[in-house]
Structure formats: C-alpha cells, structure tokens
Amino acid sequence: MTWNYSKKTTELFMAAVSGKPGTHLGEIEDADGFGEHGSIACGDALRFTFRVDRHATDPRQDRIIEARYLTFGCTSAIAASEALCCIIEEGDFTPIDALRITNQDIVKYLDGLPQAKIHCSVMGAEALEAAVFNWAQKRGVDLAELGIDIRHDEQEEGRLVCTCFGLTEPYILRKIEELKLTSIADITNSIKAGGACMSCHHTPGGLQDLLDKVNGSRPTTLKQLPVLPMARAPRAQPPTEMSPFKFAKKVEEVIDSYVRPQLANDAGDIEIVDIKDTKVYCTMKGACANCVGSQSTIKMLVEQALKDQIDQRIQVIEV
Amino acid sequence: MKIIYMDNNATTRVAPEVFAALEPFLTDDYFNPSSLYEPAHGPADAITAARKTVARLLGNARPAEILFTSCATESNNTAVFGTIAANPDRRHIITTGVEHPAIFSVGEDLQRRGIDVDFIPVDGDGRIDRVEFVRALRADTLMVSVMHANNETGVIFPVEELSRITKETDESIIFHTDATQTVGKLPIDLRGSFKHVDLLSFSGHKLHAPKGIGALFIRRGTRCRPFLLGGHQEDGRRAGTENVAFIVGLARALELAMERHDEDEPRILAMRDRLEKELTARIPYLEVNGRNAPRLSNTLNVACHFIEGEGILYQLSAEGICASSGSACTSGSLEPSHVLRAMHIPFSAIHGSVRFSLSRYNTEAEVDRVIEVFPGIVDSLRRLSPYWDAKKNEPRPEAMEMLTRAEMP
C-alpha cells in the first residue's frame with residue numbers, strides 16, 4: 001500500500017515531527033478547554049487543549065487564542081490534529097463558534113484525505129467538542145440553555161455495539177446523523193466502527209440496524225423482508241412446467257433487480273454459478289465473500305427473495 | 001537520494017549473477033521447451049539442469065520431486081488444496097496462528113468450506129505451543145502445515161521436530177512447511193533432518209531471483225492432486241508453459257546462496273545484532289519481538305511503545321530507508337498484524353512495530369545510517385504522543401500501567 005496523502009497533509013506531518021516553529025505540538029497547562037478522543041488500543045488517540053482570552057463579564061465571549069495537541073497515530077492523524085489547531089488559531093473563534101468546525105473542515109484544510117483515513121478527521125472534531133464542553137463546565141456556561149446538546153459523556157453510556165473499538169449505540173447513532181453516513185463502509189471509514197472483526201455489521205441492533213433507524217428502514221439481510229410485489233401470490237405456473245431457460249432467466253431477473261442492489265450497499269456481490277432443477281448455486285463476491293454472515297445472507301435474503309417471487313421450492317446453495 | 005533497502009523479507013533485488021544466467025532465455029533461447037525441434041532442446045535441458053540443482057541443494061532430493069510454480073503462494077495453495085482433493089476421507093487440518101496469509105487465509109477459507117482447521121497459538125516470543133500442537137492431532141487429521149520461519153518476526157519453528165511428532169503419531173498425515181523465508185538461509189536436508197516433511201514451498205524472489213517463480217517439493221508417494229490442469233508440463237502435476245528463464249534464475253540464486261552462505265550469514269548476523277544492540281541501547285521502551293526465540297539472522301522486528309508505525313515508516317522513507325510495519329494503519333484493515341496479536345505484544349507497542357530485514361547487499365554504513373536516524377524519528381513521534389512525557393523522556397505515569405497489561409482488549 002503506497003501513500004496517497006495530499007501535499008498539504010505530508011507538509012503538516014513533516015513540520016510537526018520536525019518540531020518546526022509555528023506548529024501546535026504540546027499540551028497547555030491549566031488549559032481552559034481539555035478534550036480527548038480515541039485510545040492506544042484502537043490505534044489512534046488525540047489530546048486537545050486550548051486557552052482563551054477571558055472576557056471580563058461574559059464568558060460566552062471568550063476567544064480561543066491558543067490550541068495544542070498530542071497525538072498517537074499515523075501520518076494523517078497527526079496532520080489532522082495540526083490542521084485542527086491551525087483552523088482554530090486562524091479563525092479567531094469563541095469556543096461556542098468553534099463547535100461549528102466539522103471533520104469536513106479538517107478534510108478540506110488538508111486538501112482531502114484517503115477514504116480509509118477519514119476517521120482521523122473525525123477524531124479531531126470529537127476532541128474539539130469534548131474540549132469545548134470542558135471549557136463550558138469550567139466557565140459556568142450552560143450550553144443547554146444556548147440550545148446546544150450536552151452529550152459529551154454519552155460515550156460511556158449506552159449499549160456497546162462495536163466491541164473492537166468500544167463504540168456505543170448513542171454515539172454511532174449521532175455520528176450517522178451528523179456525518180450523513182449511509183452505509184456500513186461509511187461508518188467504518190469515519191469512526192472505525194465495524195472495521196476489525198466485522199461481527200457487528202448485521203447482528204440485531206448492529207450497524208445496519210442503526211443505519212436504518214436513522215435513515216429510515218430499508219430491506220436488510222437479516223430483518224423480515226418487506227412484502228414484495230409478487231410475494232406469495234399463487235403461482236400461475238410452477239417451475240417444473242416453466243422451461244429451464246425461462247426459469248433461469250427469472251432467477252437472474254430477481255437477483256439483478258432485487259438482491260444485487262442490496263448487496264452493493266455493503267460493497268458485496270453475488271454470482272450465479274449453476275441452476276439444477278430448483279437448486280440455485282451461488283458464490284458471494286466482494287465484501288460478502290469474506291463475510292462471516294454470508295450463509296445467513298444467502299438464506300435470508302437471496303433464498304427468501306427467490307422463494308417469494310418465483311417458487312417456494314427453491315433452494316439456494318452457496319458454492 | 002541513495003536508497004537503503006532493509007525490507008528483504010518482502011522481496012530482494014535480483015543478483016547480477018542470476019540475471020546473467022537467466023537473460024539468454026529471455027532473448028536467444030526463447031523456445032518452448034515442449035517443442036520438438038532442435039532449438040527447443042536448449043531450454044528443455046536448462047530446466048532439467050535447474051531441477052537437478054534445486055533438488056541437490058535441498059539435501060539430495062530426487063529431481064522429480066521438485067515442481068516449479070509461479071510463486072510461494074501458488075506452491076502453498078497447491079500443497080493444501082491438492083492434498084485435500086487427493087484425500088477426501090479426512091477433514092482436519094492443523095496449522096499455526098502466525099502463518100503467512102498464503103496459508104492463514106487458505107485455512108480460514110477451508111473452515112468456511114466445512115473443513116476443521118486448528119490454528120495453534122504461539123507464546124510471547126512467537127514460539128509454537130507444542131502441547132497444543134500434540135493435542136490437536138486427531139485420528140482424522142489430514143495435514144499439518146507449519147511455516148519454517150515467520151516472515152514478520154523471523155522466528156524459526158522446529159519443523160524437524162514437529163514433522164517427526166506428526167509422523168510418529170500417524171504415518172499418513174501429510175506434513176507441509178512454508179520455507180519461503182528460509183531456503184538459502186537455513187540448512188534444509190530433505191533426506192536428513194527434513195525427512196518427515198512431505199511438502200515444502202518456497203519462492204525465488206526472497207533469495208535474489210526474480211518475482212514470479214516458486215517451487216514445491218512433493219515427496220515421492222505423497223498424495224497430492226494438481227492445482228492447475230491443462231498441459232503435460234511438470235509431469236502433469238502443474239500445467240502451463242514453463243517459465244524457463246526464471247526457473248534457471250531460481251536455480252542459480254539458490255546455488256549462489258549456498259556458495260556464499262558461510263561468508264554472508266555471519267556478516268548479516270553481525271549487522272543485525274549490531275542494529276538490535278544499538279537501537280535497544282539508544283531507545284527506551286523498545287521491544288525486540290521474538291527476542292528469546294531462535295530467529296533468522298537477517299530479521300529484526302522491534303516495537304516502539306506509544307507511537308504508531310506508519311509515521312515511523314513515512315519518516316524512514318523520507319530518509320530513503322525502506323522497512324515495513326505490522327501496524328493497523330499499514331495493514332489495509334483497521335487491525336494490526338495477526339502475527340503480533342497472536343504473540344500478545346502489549347497493545348501500547350503493537351501499533352509501533354517496525355521490521356528491518358537485511359540481505360547480503362546491505363553494508364555496515366547503511367546500518368550506521370539507520371542507527372543514526374531511527375532514534376530521532378521515534379523521539380519526534382513520542383514528543384507528539386499523549387502517552388509520553390517529553391520532558392522526562394519516559395511514559396506518563398498513567399501510561400506506565402499499559403506496559404504490564406499483556407493483551408489487546
């Protein structure tokens with residue numbers, strides 16, 4: 001795997017590690033805002049601190065004058081941390097204004113990040129948010145009163161969904177909403193959830209269910225399938241009376257129009273290998289090929305769809 | 001900038017002697033060795049000679065026991081799938097948790113196909129758990145596949161022992177070893193200490209032959225079906241027109257490795273040991289992975305606590321130094337190397353692993369350069385790390401606890 005970082009990313013990284021003046025390496029002692037995100041076990045972690053110019057009477061008008069970070073992580077994680085501090089110091093923000101900085105701003109500042117490294121920018125935005133909440137507590141600013149949800153400790157609460165990276169349901173739900181994530185691949189790229197053992201993808205209450213909860217339900221591989229147009233209608237012609245050619249065509253049609261688009265959402269695909277009588281032999285391709293749940297996908301999605309739309313006797317066999 | 005290449009477990013440069021030997025078969029002697037006309041005899045004879053050479057250098061094996069393939073991955077796949085195809089009555093395979101993906105992924109795939117596969121664990125130094133190994137042997141065990149030396153850590157497995165245990169338990173269990181990292185480096189005597197090994201895989205490009213050539217030793221009488229079907233080449237055991245030039249190159253590279261072994265080996269070992277000694281002396285909180293196990297003399301795998309390997313490689317690369325890492329950010333998935341995880345490397349260090357692997361073409365000056373540069377790189381990343389106290393140059397107190405916790409969560 002070669003590096004495909006933007007020039008900006010590599011410049012910020014090299015400047016940071018060489019300790020060039022003007023970079024933001026370090027930790028402010030007695031900081032006004034302190035936030036952390038990630039852990040060493042997960043492969044990256046960021047500690048973000050800032051200092052404000054305190055307003056005499058109204059803490060809401062404090063202005064951030066200095067931002068620092070310490071980061072454990074890869075090239076892009078370090079560059080993203082540096083970018084975050086640059087954005088803040090260049091922008092003359094109040095802490096409340098700073099909450100509007102998103103991971104996309106960090107990506108933009110870096111002239112883009114490889115898809116698989118988007119989570120590095122999310123880590124920056126998370127740590128910033130945590131630091132602002134910390135500042136609000138210290139300065140006695142009631143963020144809830146300003147219409148800002150205080151949710152910074154939800155990480156510790158709620159059901160654990162991704163056990164590999166220790167991410168909970170409320171956190172993943174919020175991120176799906178905020179970052180407009182639409183597929184499991186999106187979630188993994190942005191917040192790493194589901195990126196290691198992958199067992200949380202399609203379990204009940206897993207990532208797919210959370211996506212559905214936010215984005216509206218959609219037929220999934222493990223849930224009850226919606227009633228399809230032709231489902232369970234009495235067959236005009238059982239397949240034994242259908243010519244093998246016609247039957248094969250029909251199977252192909254259902255797979256193309258209904259099964260493939262769903263598998264494509266998870267970067268997977270399916271190939272029909274052979275059809276003998278009512279037995280359909282398939283291979284799973286792409287992400288589905290390595291998926292631990294491929295057997296259930298075959299049974300619950302592929303076989304059920306073919307049964308509903310063509311004939312109840314169909315048996316799908318994974319090859 | 002001059003490149004310092006220390007990633008020889010990934011691939012090696014083609015030796016000039018090897019290139020000289022193979023070149024004529026790319027130009028003047030291009031004929032298909034299966035053809036009948038006179039000019040094709042040259043290539044056909046060259047293959048016969050190469051096969052004899054390879055067989056002889058692996059401990060006087062029979063030439064007919066050597067099969068040329070396209071790479072070690074093909075050799076491994078042929079060994080496993082061919083054995084399964086030829087022995088349908090047995091459904092259990094034993095391998096280790098630290099195999100190269102060319103066996104590890106095959107094992108995982110076999111599990112999905114309904115074959116029982118046991119992955120034997122290793123200890124903290126990467127040594128195989130022999131008790132687990134013996135316990136795993138069953139009445140219906142078809143095959144055992146254990147690598148000769150690990151590509152990431154260089155840890156050497158006792159293949160002689162394990163194959164003997166296997167055969168003493170049950171003569172009909174087929175024993176395979178992936179010797180990709182060891183052929184030309186460690187003695188392999190297929191008539192002597194390796195006499196219980198039925199199948200042995202390796203490739204050319206780890207010993208200064210080109211990429212795209214491998215070999216599989218199949219002991220006479222071993223039931224193993226071909227993987228590639230088609231022509232009659234390799235006695236029908238591996239169809240496909242022979243890669244004459246690279247076959248000649250492989251034989252020459254092996255010959256060269258054997259000729260130069262007594263001179264190269266101590267020199268490489270001395271360089272590796274010096275690199276290891278100097279780096280551990282200069283860098284606090286540096287683990288040498290597999291330190292207490294027998295290791296290949298060319299491999300040094302270190303783990304730097306509290307930093308991430310990708311940033312290290314990136315900076316090494318900026319200095320023209322080529323090495324590799326088992327960190328999550330370099331693996332393409334979000335998990336660090338399965339080898340280091342199997343060894344239960346402390347999770348504060350597992351992301352900071354770097355592998356240096358040397359060859360006869362490395363020099364003392366290059367080792368000096370790495371010794372000069374590497375501590376600074378580690379230091380620059382630690383200064384950025386939230387787990388490191390830059391002023392005291394030691395881990396922060398709260399991070400100290402991590403050092404004692406031995407397992408990834």
Side-chain angles (χ1 to χ4, degrees), chain A residues 1-3 5 10 13-14 16-19 23-27 36-49 69-79 81-82 116-117 119-120 127 163-166 188-189 192-198 284 289-292 294-295 318-319, chain B residues 105 108-109 111-114 304-315 317-319 324-325 327-336 338 341 346-352 376-391 395-396 398-399 401-403 405 407-409:
Chain A
M1 198 174 69
T2 49
W3 289 292
Y5 294 131
T10 56
F13 171 75
M14 290 310 281
V17 293
S18 60
T23 53
H24 300 86
L25 157 67
E27 182 176 1
E36 282 183 312
H37 192 78
S39 86
I40 198 162
C42 298
D44 39 29
L46 165 59
R47 177 176 301 163
F48 174 75
T49 49
Y69 69 91
L70 287 173
T71 296
F72 165 85
C74 57
T75 306
S76 52
I78 290 166
S81 312
E82 187 62 45
K117 301 283 189 176
H119 62 84
C120 296
T163 50
C164 298
F165 293 106
T188 303
N189 285 334
K192 297 201 198 185
C197 79
M198 303 185 184
M284 302 302 277
N290 305 318
C291 175
V292 282
S294 72
Q295 196 60 43
E318 189 179 10
V319 179
Chain B
S105 300
E108 289 181 322
D109 186 61
Q111 287 182 321
R112 287 190 284 269
R113 298 178 186 209
C304 313
H305 282 276
F306 308 113
I307 54 176
E308 219 280 338
E310 197 222 28
I312 304 176
L313 292 193
Y314 199 88
Q315 291 191 71
S317 169
E319 297 285 345
S324 62
S325 167
S327 92
C329 277
T330 56
S331 69
S333 83
L334 291 170
E335 279 182 317
H338 72 284
R341 274 185 289 140
F347 68 88
S348 57
I350 197 164
H351 292 281
I377 292 174
V378 172
D379 190 51
S380 75
L381 290 165
R382 279 186 176 160
R383 274 188 285 113
L384 289 166
S385 171
Y387 304 102
W388 193 259
D389 188 328
K391 279 185 205 127
R396 290 175 187 241
E398 65 269 25
E401 291 170 24
M402 295 176 187
L403 294 168
R405 302 227 307 258
E407 275 186 50
M408 283 282 287

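The figures here come from the full heavy-atom set of this structure, side chains too, leaving out hydrogens, waters and symmetry mates. Since the model is a prediction, treat every value here as computed from it, not as a measurement. Per chain, numbering begins at 1; letters A, B, ... match sequence-line order.
Residue contact with chain B, scored on non-hydrogen atoms closer than 4.5 Å, involves the backbone and the side chain of T10(A) alike. In this structure, no portion of S105(B) lies under 4.5 Å from any heavy atom of chain A. Heavy atoms closer than 4.5 Å to chain B are found in the side chain of I78(A), but not in its backbone. At a 4.5 Å heavy-atom cutoff, E36(A) makes no contact with chain B through either its backbone or its side chain. Contacts of T188(A) with chain B are made by both backbone and side-chain atoms, with heavy-atom separations under 4.5 Å. Proximity to chain A is absent for every atom of A390(B), based on heavy atoms less than 4.5 angstrom apart.
Contact tally against chain A (heavy-atom pairs below 4.5 Å) for A399(B), G311(B), P386(B): the top residue is P386(B).
For the atom pair H351(B) NE2 and D44(A) CG, the distance stands at 8.0 Å (nearest 0.5 Å). Interatomic distance, OG1 of T71(A) versus CD1 of I307(B), reported as 13.5 Å (0.5 Å rounding).
Considering L70(A), V17(A), L25(A) in turn, L25(A) is the only one that fulfils the side-chain contact (heavy atoms from CB on, under 4.5 Å) rule with R383(B).
Between F72(A) and Y387(B), the angle of the ring planes goes over 60°, which puts this pair in the perpendicular group of the 30/60° scheme.
Between S76(A) and E310(B), the shortest heavy-atom contact is N-OE1, 4.3 Å.
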